[in-house]
Amino acid sequence: MDYNFLEIEKKWQQWWAQNKTYRASVDSDKPKYYVLDMFPYPSGAGLHVGHPLGYIASDIFARYKRLKGFNVLHPMGYDAFGLPAEQYAIQTGQHPEKTTHDNVARYRQQLDRIGFSFDWDREFRTCDPEYYKWTQWAFLKMFGSWYDKDAEKARPIEELAAAFEQGGSAAVNAACSEGPAFTAGEWKAFSEKEKADALMRYRLAYQGESTVNWCPALGTVLANDEVKDGFSERGGFPVFQKKMTQWQLRVSAYAGRLLDGLERLDWTESLKEMQRNWIGRSEGAEMVFQVECDGVQHDVTIFTTRADTVFGVTFMVLAPESEWVEKLTSKAQKAEVDAYLEQVKKKTERERIAGKAVTGVFSGSYGINPLTGQKVPVWIAEYVLAGYGTGAIMAVPAHDSRDYAFAKKFNLPIIPLIEGADVSEQSLDAKEGIMCNSGFLNGLTVKQAIPAAIDYVEKHGIGRRKVNYRIRDAIFSRQRYWGEPFPIYYKDGIATPVAFEDLPLTLPEIDQYKPTEDGQPPLARAKDWTYKGYPLEKSTMPGFAGSSAYYLRYMDPHNGEALVSKEADEYWRNVDLYVGGTEHATGHLIYSRFWNKFLFDLGYVCEDEPFCKLINQGMIQGRSNFVYLIPGTNKFVSAGLKDQYETIPVHVDVNIVYNDKLDIEAFRAWRPDYKDAEFVLEDGEYICGWAIEKMSKSMYNVVNPDKICDTYGADTLRLYEMFLGPIEQAKPWDTKGIDGVNRFLKKFWRLFWDREKWLVTDEEPTKEELKALHKLIGKAQDDIEHFSYNTTISAFMIALNELGNCSKRAILEPLTVVLSPFAPHIAEELWHQLGNEGSVVYATFPEYKEELAADNTVNYPVSFNGKTRFFLEAPASAAPADVEALVRSHEKTPQYVGDMNIAKVIVVPGRIVNVVLKK
RNA sequence: GCGGGUGUGUUGGAAUUGGUAGACAACCCAGACUUAGGAUCUGGUGCCUUACGGCGUAUGGGUUCGAGUCCCUUCACCCGCACCA
């Protein structure tokens, strides 16, 4: 019987499904291990070979952990709400649910062919009402909570209302939006609406006005991580800054904890660094500048990390979107300022970033430097951001390059504050040097001056120490149809939660999926989008809502009473190994951590961090092939000869190219206009050119895993994807080389079968055979723990070479078990052929015996002053002194060297001998 | 500009963490078996040299008995962030 992978793979996939081989249950006898993949968004294009890379890696680990005696949770599902299905729906009128359903079916079919050990009983989609009920529930919990900065945790909003009753807004130290302070008396006198408005500023899920990314082409707002270089990540449409009232999540309240939590996580340094940058902690000070505008005094607070440079302030700058702009624009300047604001408003985010042009306008008002009493002009300029700090800065052109550029452009004075600083050409931004022109700070180094200045400012009541974070609250509403509806209705204008018993609040049917003519979200088209007679919220939640707590739901996916039961949560706790791409570094991975920490604060989950270890699989790029067309003809030149002709490269489908050789017949059949193509061949063959590009349809370089499964089998695909190189590295897909791993499987098969004959014997293995086996077990165990699967596979090939055609059960049985995580189908077949009843999944990983793997002799390279002269065979057990004696007496140790000329002999046991000669 | 990373044969990549560089594969070459081969098996394959031998891990230097690995210089490429005050 030959290795018939098609038959074997089909057979065992069915068997696994029928027997529910991979079902996980709460089983407290065994230690748990939770392996999770970032679940896919099922796009219409289906899977290409790049997608399963991470799934294969995690599947190998899950299978390995099972063999090691762990109770493994390894689920899969779909992130099913999202823009592409909605865009498709707008174009075709097809319900996104239908598209999603079809795409999921296709994905499932493709995934099933690869032989993953997912527990499919736990599958769900984020668009299932039974699932999004818990997304809505979590939102309501956030709506009903505030963040206590003293206790550093979220608490129920009722406690806050009680505190206001007692002592007004001063009674708590809470994370909140800007707004007026109030006393207990004022609170009590508030109307219902005023109370609601006040509380809204404290809620963790709140409605508030802020500058948002508005994407007119998509008709929706976007979160910061959904905008790349001023364009929407999905679709690539321009994005504008706009002030709007939106639902938001107070992620910023958790900034400190999100940052500190990183220390305890086993993630790559680069990913942690990305999150650190995104959270963007900076220590500095807030300072109050008095500003006079048309005779009226205002206190304007600014944030700075360079309190030491306050003596060099020569002007102040407001962000165009800052609330101060209106109050600080003088009557005389109003026309000019308005013109400027209008001009800024028209620019896209992209233009603001790209256009490095220095722009600004004088507001007409003047501020007073609180330390020097000097009067400085207040400007408005787009280089200051409304969303960071206070939206107002003190400008120190001598020591900040942006302020410097601005001062140069508008002819503002520049005062150097550091001894010897030459600021005639550029500013000196570095935090080093000795202070001058700075009153009481003179003579201090910059590093001393910063705290000294802050101390001074605090003592004189001009300002205070302040830690600022760059991370903003997440904009949580989207003006779209295909997302979770907000369980919020408006009772007399007050946002009120839908009762828990009425969740899930399901999406209404509508006839068209685009926004209404007057710019309302699609849900405005629903016939009766009300609750208890009051209007419901019309926007829906963003994509990340559904993916923020899905890993918790897998622990207990069918629970109708809770997101996850206490029992399941306390058993599975959190994800031990999470595998996915880096593209989620500042999106999903931040939101999930935030969401989890929030649920942790409220006592719904027992771990404060969701993902212990995280591996980022590298992207698989495409390897495109080209043919070279002579323009104006139908003649193609082989790559080696193309320089002799005028040619243009044309992408050719990689599926009709083998090892860069074009299948000419297939090419002629590929497209009608190539039917009569002619070729200039080299050595009778047409050789294609190639390039590494993104894997995409338009480049004809998409390799479908189904095709690989058809021609080589799923086991070969799995093995090959892992053999390609380290998991975390980006690498091009190149089918060349897949024969190597395929040959390996065939060879492995032939150890058991010779055409019709079963070869396995019960003979005792020899020492050499045991050595080869145990070397492999040791190496495999080590490498798998470190996710170095490519070297594990190499070790397998070596073992096979060393074993020759050994067909002894005592060797083949453990070998099969070790292979099973990588190539589960062939392993399962052979495991049963060896006479085992249950699945190989329930086998135990063979015990590594070092003594069996060890060599009993060692071949020492002997070097003289670092140059290897000969090899010395010595017993492995020999002490360094014995080895040294052997070297000194060895016939190949040159006569002239002798004992007199040897300075010392260095013996590294089992490694090397170096004889150091006297100079 | 700031931060992180990488540089090894024709190619993908190994190297027990400072100890025989190029494992294991792909490609290519030769041979065997074959009607045939995108099947199987055997051998060869870093570079220079007929050989002896020499040279080789982006570059130049350093530490060491010994460096792909550690330190410094330069160069190249990749990724992330970027008016964050």
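Model, not experiment: these values are computed from the prediction. Below, chain A is the first sequence line, B the second, and so on; all start at residue 1.
- Under the side-chain contact (heavy atoms from CB on, under 4.5 Å) criterion, Ala666(A) pairs with Ile656(A), Asp663(A), sequence neighbours left out.
- Counting only heavy atoms from C-beta on, Phe723(A) has its side chain closest to C24(B) among A85(B), C24(B), A14(B).
- Take Ala795(A) and apply the side-chain contact (heavy atoms from CB on, under 4.5 Å) test, not counting sequence neighbours, and it matches Leu776(A), Lys779(A).
- Counting any heavy atom pair closer than 4.0 Å across all strands shown, Pro732(A) reaches no nucleic acid atom.
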Mind running side chain to side chain contact (heavy atoms under 4.5 Å, CB included) on Leu800(A) and Glu802(A) for me, showing each step along the way?
CA-CA 5 Å; Leu800(A) 227 56; Glu802(A) 285 173 352; over 6 Å; no
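- OP1 or OP2 of A85(B) sits under 4.0 Å from a side-chain N or O of Ser282(A).
- Contact check, Asn616(A) against G4(B): no side-chain N or O comes under 4.0 Å of OP1 or OP2.
- If you measure from atom CG of Asp429(A) to atom P of C83(B), you get 15 Å, rounded to the nearest angstrom.
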Footprint string (nucleotides 38-44 of chain B, 5' to 3'): B base within contact, S backbone only, - free, heavy atoms under 4.0 Å:
BSSS---
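- Closest heavy-atom contact between Lys707(A) and Thr711(A): O-OG1, 2.9 Å.
- The shortest distance between the side-chain N/O atoms of Tyr388(A) and the OP1/OP2 oxygens of A85(B) is below 4.0 Å.
- When the side-chain hydrogen bond (donor to acceptor under 3.5 Å, both in side chains) test is applied to His588(A), the partners found at least two apart in sequence or on another chain are Tyr578(A), Ser592(A).
- Evaluation of the side-chain contact (heavy atoms from CB on, under 4.5 Å) rule for Pro451(A) yields Arg465(A) as partners, not counting sequence neighbours.
- With ring centers used as reference points, Phe744(A) lies under 6.0 Å from Phe796(A).
- Between Leu53(A) and Gly618(A) the shortest heavy-atom distance is CD2-O, 3.3 Å.
- Look at CG on Asn277(A): it is 9 Å from P on C81(B), rounded to the nearest Å.
- Within the structure, a side-chain polar atom (N or O) of Arg470(A) is placed less than 4.0 Å from OP1 or OP2 of A82(B).
- The ring of Phe406(A) has its center closer than 6.0 angstrom to the ring center of Trp379(A).
- Here U11(B) presents its C1' atom at 9 Å from CZ of Arg623(A), a figure rounded to the nearest Å.
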Distances under 3.5 Å between protein N/O atoms and the N/O atoms of nucleotides 6-8 of chain B, please, pair by pair.
none

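- As rounded to the nearest Å, U64(B) and U69(B) have C1' atoms that lie 13 Å from one another.
- A straight line from NZ of Lys466(A) to P of A85(B) spans 13 Å, rounded to a whole angstrom.
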Could you list the protein-to-nucleotides 15-23 of chain B atom pairs, N/O on both sides, closer than 3.5 Å?
residue: G19(B); atom: N2; partner: Asn914(A); partner atom: ND2; Å: 3.1

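- Atom C1' of U10(B) sits at a distance of 16 Å from the matching atom of G44(B), rounded to the whole Å.
- Qualifying salt bridge (charged side-chain N to carboxylate O under 4.0 Å, His left out) partners for Glu728(A), counting only residues two or more places apart in sequence or in other chains: none.
- A gap of 8 Å separates the C1' atoms of U49(B) and G54(B), to the nearest Å.
- Atom C1' of nucleotide C83(B) and atom OH of Tyr404(A) are separated by 17 Å, given to the nearest angstrom.
- Taking the salt bridge (charged side-chain N to carboxylate O under 4.0 Å, His left out) definition, one finds that Glu263(A) meets it with Arg276(A), sequence neighbours left out.
- Backbone-only engagement by Asn801(A) is indicated by non-hydrogen atom pairs under 4.0 Å involving sugar-phosphate atoms exclusively.
- Applying the 4.0 Å criterion to OP1 and OP2 of G13(B), one finds that Gln729(A) has a side-chain N or O inside that range.
- Of the residues in residues 307-319 of chain A, none has a non-hydrogen atom less than 4.0 angstrom from any atom of RNA chain B.
- The nearest heavy atom of RNA chain B to Met274(A) and to Arg306(A) marks one nucleotide each, and the one closer to the 5' end goes with Met274(A).
- The side-chain contact (heavy atoms from CB on, under 4.5 Å) test applied to Asp266(A) returns Lys613(A), not counting sequence neighbours.
- For the pair Met722(A) CE and A14(B) P, the computed distance is 14 Å after rounding to whole Å.
- Residues meeting the side-chain hydrogen bond (donor to acceptor under 3.5 Å, both in side chains) test with Thr582(A), sequence neighbours left out: none.
- In this structure, the side chains of Arg306(A) and Asp400(A) stay at 4.5 Å or more apart for every pair of heavy atoms.
- Taking atom C1' in both A67(B) and G61(B), the straight-line distance is 14 Å, to the nearest Å.
- What separates CD of Glu802(A) from P of C24(B) is a distance of 9 Å, to the nearest Å.
- The minimum heavy-atom distance between Thr390(A) and Thr301(A), with the atom names listed, is OG1-O, 2.7 Å.
- Taking atom OH on Tyr720(A) and atom C1' on A26(B), their separation rounds to 8 Å, with Å as the unit.
- Comparing Glu273(A) and Asp400(A) by the nucleotide of RNA chain B that holds the closest heavy atom to each, the one mapping nearer the 5' end is Glu273(A).
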